[in-house]
Amino acid sequence: MGSRLTIRPPTDYVLARDVCSYGYFLLEPNEWNPEARRFSRVLSVDRSPVLLTIDQPSESPGGALRARCDRTLTRAQQGDVRRAIARMLHLDGAGSAEAVAEFHRVDPRFAESGRGRLFRSPTFFEDLVKTVTSCNVAWPSTINMNRRLCEVIEPGFPRPAQLARRRPGTLRARCRVGYRDVRLVELAKLAGRRDSVLHPSNEAWLTATDVSDDDVLAALLALPGVGPYAAANLMQLLGRYAHLPVDTETHRHARAVLGYEGDAKRLTRLVHDHYESFGAHRFRSYWFELWAFYESKRGPAETWEKRTTGASFTASALR
DNA sequence: GGTAGACCTGGACGC
DNA sequence: GCGTCCAGGTCTACC
């Protein structure tokens, strides 16, 4: 039979728009079904896999979300699933209706579409692995690495303890993560240590409003495999939007959309200057501009098929 | 503080 | 079908 949950999202929440808002919705184990307009993935609940599906029957903003699990869960387990859903769909904090409205006051260009919420993973650790596997590779390689991690280690995405036990050589040979192998195992080991920022009990510190961006950024930069791009991207995944993860996509955007010219160093400086006026919302203004460009080329993200459009929407494929 | 080169994979290209 | 080249962000060594 399985468990069924009803989720009351923020009043402006639209499942199709707000799930299909960041590339990670296309990475395993996530699955968006464009026809059924339904999100699904395997979650790890008490170390056992649970297939979760979420839809929004009314499709109107703020309409109740219907979540179904393929097995019956205890009340405590249902609480875990609710927390995982809230994190993925960004139902509170920077994803609250008030926070999104504040973004629209600063950047009214996205008020009509309602864009402002970014999809993410059920755990910060999964976001971290997805970010590290997106560095120094084209998007199709990121897709492959995440697919293989789910095939080889754990269908609901490897938990830190599982990854920490693996030999780097196994990750390299079977998951094709290349030189990232040692770094991923180190990150997984850190996630098991209570004194590390990666320990789940410390996510509250990473997102606390009384902890400065500078302190969080410094803690992220100290992690193996995390440089300026990855750290800035992790900041946005924590709901801290004042930093820009500048990569080659950013440089393409600077040339093609913003009309800037010059080498990478100059483009980086111009991009930072360009988004300066958006203050604490810089990333959202940048990202939804970039996302609108992809959608202008490939159609609405909610129509993208994971294995076709979803694998070829980035700049390298659009050149 | 700035820069060059190595790291690894997969796709594009030429033969 | 095979070999070569290149793109991509992080890290280390060196100036």
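Letters A, B, ... are given to chains in the order of the sequence lines, protein chains preceding strands, and every chain is numbered from 1. Being a predicted model, the structure only gives us computed values, none of them experimental.
In terms of position on DNA chain B, the residue among A/S141 and A/N136 whose nearest nucleotide sits closer to the 5' end is A/N136.
We find that OH of A/Y229 is positioned 15 Å from C1' of C/dA7, with the value rounded to whole Å. In this structure, A/L171 places its CG atom 16 Å from C1' of B/dC7, rounding to the nearest Å. Separating the CD1 atom of A/I143 from the C1' atom of C/dG8 is a distance of 15 Å, rounded to the nearest angstrom. Between A/L184 atom CG and C/dG9 atom P the separation is 17 Å, expressed in whole Å. Taking atom CZ of A/R269 as the reference point, atom C1' of B/dG2 lies 16 Å away to the nearest angstrom. A/D247 places its CG atom 13 Å from the C1' atom of C/dT10, with the value rounded to the nearest Å. Between A/N144 atom CG and B/dG11 atom C1' there is a gap of 11 Å when expressed in whole angstrom units. Rounded to an integer number of Å, the gap from A/L220 CG to C/dT10 C1' is 15 Å.
Annotation: cation-pi geometry not satisfied between A/R298 and A/F313 (NZ/CZ under 6.0 angstrom from ring centroid, within 45° of ring axis).
Shown for residues 173-180 of chain A: residues whose heavy atoms fall under 4.0 angstrom of DNA chain B, namely A/R176, A/G178, A/Y179.
Residue A/R183 places its side chain closer to C/dT10 than to any other of B/dG10, C/dG8, C/dT10. The side chain of A/R148 lies closest to B/dG10 when the candidates are B/dG10, C/dG8, C/dT10.
Qualifying side-chain hydrogen bond (donor to acceptor under 3.5 Å, both in side chains) partners for A/N144, counting only residues two or more places apart in sequence or in other chains: A/R147.
Salt bridge absent: A/D127 and A/R120 never bring a charged side-chain N and a carboxylate O closer than 4.0 Å. In this structure, A/R109 pairs ionically with A/D107, as a charged nitrogen and a carboxylate oxygen lie closer than 4.0 Å. A salt bridge links A/E276 and A/R282; the closest N-O separation between the charged side-chain nitrogens and carboxylate oxygens is under 4.0 Å.
Contacts of A/L223 with the nucleic acid, taken as non-hydrogen atoms under 4.0 Å apart, involve only primed sugar atoms and P, OP1 or OP2.
With A/S44 as reference, A/R159 is the one residue of A/E154, A/E126, A/R159, A/Q162 to meet the side chain to side chain donor-acceptor pair (under 3.5 Å) rule.
Dashed line: the shortest gap from a side-chain N or O of A/T248 to OP1 or OP2 of C/dG9 is under 4.0 Å. Contact check, A/K265 against B/dT3: a side-chain N or O comes under 4.0 Å of OP1 or OP2.
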Start with the C-alpha distance between A/Y241 and A/S285, add both sets of side-chain angles, then the distance that settles side chain to side chain donor-acceptor pair (under 3.5 Å), and finish with yes or no. CA-CA 9 Å; A/Y241 301 120; A/S285 291; over 6 Å; no
